[in-house]
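Notes to accompany the following structure.
Small disclaimer: the values here were computed from a predicted structure and weren't measured. Numbers here are sequence positions counted from 1.
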Amino acid sequence: KFMELSRREIEKLIKRDKKIYEKVYLEYCTTIVMYIDAFIKNREDAKDMAADIFINLPELLKNSYKSYKGSFKKWLMGLVRNKIRDYSKQARLNDMNFDDEIENNNFKYEDNKFKIEELKSILNDEEYKIVVLLYIEDFKLKEVAKMTNQSLYDARLLKKSAFDKIKKYYKEFYIN
């Protein structure tokens, strides 16, 4: 069973009180590393992610912890789960070969009027990634923007540009 922190201890932690900081670190760190590693299967990255959480813990507490929403432990493990999710999404994006992903998901039917090869031929790489992530991988635009290191505005522009090109292409080659 993990210790719970009092409001006073949380205030001390926000102020980076060394004693309470070490107490929290010793209590939770090993478990957090093991928990992360169980999901991502990479011990070094798990240690780095846990370290990042603990380095930023006082600021995170100050900015997002609300005691009335639940316990410190629950809040901390929520941070850990979010960190794992972000890591997994980024890893998936980095490892993604869009052609293989499309093949695996059976999006290459011969009877499709609008084939993936056609999509690739009319869109630039950034537009293609946006369309695939949004409509094949089912990410939200905000997530896609983050994964592709773009502002939400730029991602929205790329999406619009891609759809304009797709509409124009569709009208030219299929509607006559």
Side-chain angles (χ1 to χ4, degrees), residues 1-98 100-102 104-105 125-160 162:
K1 180 157 167 67
F2 289 105
M3 70 173 185
E4 276 302 327
L5 297 181
S6 68
R7 179 174 289 203
R8 187 166 186 74
E9 289 171 317
I10 288 172
E11 289 170 5
K12 285 182 177 181
L13 189 55
I14 289 171
K15 293 177 182 171
R16 293 188 180 269
D17 179 274
K18 187 176 179 179
K19 188 176 179 182
I20 190 70
Y21 195 83
E22 285 176 0
K23 184 178 173 184
V24 169
Y25 180 83
L26 292 172
E27 179 77 18
Y28 288 98
C29 189
T30 303
T31 303
I32 288 173
V33 170
M34 289 172 33
Y35 184 80
I36 294 171
D37 187 39
F39 282 94
I40 69 169
K41 308 287 189 244
N42 183 325
R43 180 66 130 205
E44 291 307 309
D45 283 354
K47 288 178 183 177
D48 290 345
M49 290 166 64
D52 186 52
I53 289 169
F54 281 101
I55 288 169
N56 296 307
L57 190 59
E59 287 79 26
L60 293 167
L61 271 168
K62 184 178 178 184
N63 296 330
S64 70
Y65 178 70
K66 308 284 185 253
S67 60
Y68 62 86
K69 289 187 176 182
S71 69
F72 171 78
K73 175 191 163 208
K74 192 175 191 178
W75 173 82
L76 182 60
M77 295 312 286
L79 281 180
V80 172
R81 282 188 298 279
N82 289 340
K83 198 79 150 155
I84 291 167
R85 189 180 62 237
D86 291 346
Y87 176 92
S88 298
K89 283 181 182 177
Q90 190 61 47
R92 195 162 135 203
L93 179 66
N94 291 343
D95 293 342
M96 184 179 287
N97 177 330
F98 289 106
D100 291 345
E101 197 64 28
I102 290 164
N104 293 341
N105 289 321
D125 288 342
E126 287 182 326
E127 292 166 337
Y128 179 71
K129 281 182 183 178
I130 294 275
V131 170
V132 169
L133 289 169
L134 285 171
Y135 297 99
I136 295 176
E137 294 299 319
D138 288 327
F139 286 106
K140 303 286 183 223
L141 188 60
K142 192 173 184 178
E143 296 169 321
V144 171
K146 189 174 181 181
M147 290 187 297
T148 57
N149 295 320
Q150 296 175 343
S151 70
L152 185 57
Y153 177 78
D154 289 339
R156 210 174 267 132
L157 287 178
L158 281 169
K159 177 184 167 190
K160 183 182 179 336

Q.
Suppose we screen for side chain to side chain donor-acceptor pair (under 3.5 Å). Which residues come up paired with Lys15, at least two apart in sequence or across chains?
A. none

Q. How about Asn63: does its CG atom have over 12 heavy atoms from other parts shown lying under 6.0 Å from it?
A. yes

Q.
Tell me which one of Glu9, Lys62, Glu59 satisfies side-chain contact (heavy atoms from CB on, under 4.5 Å) with Ile14.
A. Lys62

Q. Any idea which heavy atoms bring Phe72 and Glu4 closest together, and the distance?
A. N-OE1, 3.2 Å

Q: Run the numbers on Val24 and Phe54 for side chain to side chain contact (heavy atoms under 4.5 Å, CB included), then give the verdict.
A: CA-CA 9 Å; Val24 169; Phe54 281 101; 4.1 Å; yes

Q | Worked check of side chain to side chain contact (heavy atoms under 4.5 Å, CB included) between Ile84 and Met49 | A | CA-CA 8 Å; Ile84 291 167; Met49 290 166 64; 4.3 Å; yes

Q. In chain order, what residues pass the side chain to side chain contact (heavy atoms under 4.5 Å, CB included) check against Arg43, with sequence neighbours excluded?
A. Val33, Met34, Asp37, Lys47

Q | Validation row: Tyr28, Lys73 side chains within 4.5 angstrom (heavy atoms) | A | yes

Q. Passes side chain to side chain contact (heavy atoms under 4.5 Å, CB included), Leu133 versus Glu143? Steps please.
A. CA-CA 9 Å; Leu133 289 169; Glu143 296 169 321; over 6 Å; no

Q: Check whether any side-chain heavy atom of Met77 lies under 4.5 Å from a side-chain heavy atom of Ile32, and answer yes or no.
A: yes

(Q) Applying side chain to side chain contact (heavy atoms under 4.5 Å, CB included) to Thr148 and Glu126, what does each step give before you reach the verdict? (A) CA-CA 9 Å; Thr148 57; Glu126 287 182 326; over 6 Å; no

Q | With sequence neighbours excluded, residues passing side chain to side chain contact (heavy atoms under 4.5 Å, CB included) with Lys160 | A | Asp164

Q.
Suppose we call two aromatic rings close when their centres sit under 6.0 Å apart. Are Tyr25 and Tyr21 close by that rule?
A. no

**Q.** Sub-4.5 Å side-chain heavy-atom contact between Tyr87 and Ile36
**A.** no

